[in-house]
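By convention here, the first residue in the shown sequence is residue 1. The structure presented is a predicted model; accordingly, all values stated were derived computationally and were not measured.
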Amino acid sequence: MSVMKVLVQGINYPRRLLGGRLGKGDPTPAAELTRGRGRVLQTDEGKLAVYRDDAGELRALSPTCTHLGCVVEFNEAERTWDCPCHGSRFNTDGTVISGPARKPLEPRTLSEG
Ligand code: FES
């Protein structure tokens, strides 16, 4: 990683951390997510990273990156959860694709309603 990239990430980290933590999730009901899409939704359980797979099953995860706590975003092209702060990437089951995060996103229960 270049020195410039590290500096830019360091400058942007506090803004992205606070913006992600304080901002509300998308108010769209989970039932409206189409197959292959994911979003950070505002639910009765709080903010959740929710993905609907090709079979139509919903999977909910904590949206909090296990590196330093930023809120992940869904990458539609790759179908991954990506962290905007330092670039960690997670599979839709929460497992780590690449760090700096080492631990998976925690699974959560989603009550559809
Ligand atoms: Fe650092 Fe997510 S907070 S990679």
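For the atom pair NE2 of H86 and SG of C65, the computed distance is 8.5 Å after rounding to the nearest 0.5 Å. Distance CG/D44 to OG/S111: 5.5 Å, rounded to 0.5 Å.
Across V71, L61, V50, a single residue satisfies side-chain contact (heavy atoms from CB on, under 4.5 Å) together with V40, and that is V71.
Shortest non-hydrogen contact noted between N75 and R89 is ND2-NH2, 4.3 Å. The heavy-atom pair separating A101 from V96 by the smallest distance is O-CG1, 3.4 Å. Here the closest heavy-atom approach between residue T34 and residue R52 is recorded as O-CB, 3.7 Å.
Listed by first and then second residue, the disulfide (SG to SG under 2.5 Å) pairs involving residues 23-57 amount to none (not counting sequence neighbours). Each salt bridge (Lys or Arg N to Asp or Glu O under 4.0 Å) pair with one or both residues in residues 70-80, not counting sequence neighbours, appears once here: R37-E76, D54-R79. A ring pair (Phe, Tyr, Trp, His ring centres under 6.0 Å) check over residues 37-61, counting only residues at least two apart or in different chains, returns the pairs Y51-F74.
Partners of C83 under the disulfide (SG to SG under 2.5 Å) rule, at least two apart in sequence or in another chain, do not exist in this structure. By the ring-ring contact (aromatic ring centres under 6.0 Å, His included) test, F90 pairs with no residue at all, sequence neighbours left out. When the side-chain hydrogen bond (donor to acceptor under 3.5 Å, both in side chains) test is applied to T95, the partners found at least two apart in sequence or on another chain are N91, D93. Not counting sequence neighbours, the partners of R108 by the side chain to side chain contact (heavy atoms under 4.5 Å, CB included) test are L48, A60, S62, E106. For T28, the side chain to side chain contact (heavy atoms under 4.5 Å, CB included) partners are D26, E32, R39, L41, not counting sequence neighbours. Applying the side chain to side chain contact (heavy atoms under 4.5 Å, CB included) criterion to P104, with sequence neighbours excluded, gives no partner residue.
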Report task. Please test T109 against E45 for side-chain hydrogen bond (donor to acceptor under 3.5 Å, both in side chains), starting from the C-alpha separation and ending with a verdict. Result -> CA-CA 8 Å; T109 301; E45 294 79 21; over 6 Å; no
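A 4.5 Å side-chain heavy-atom check between T43 and L110 finds at least one atom pair inside the cut-off.
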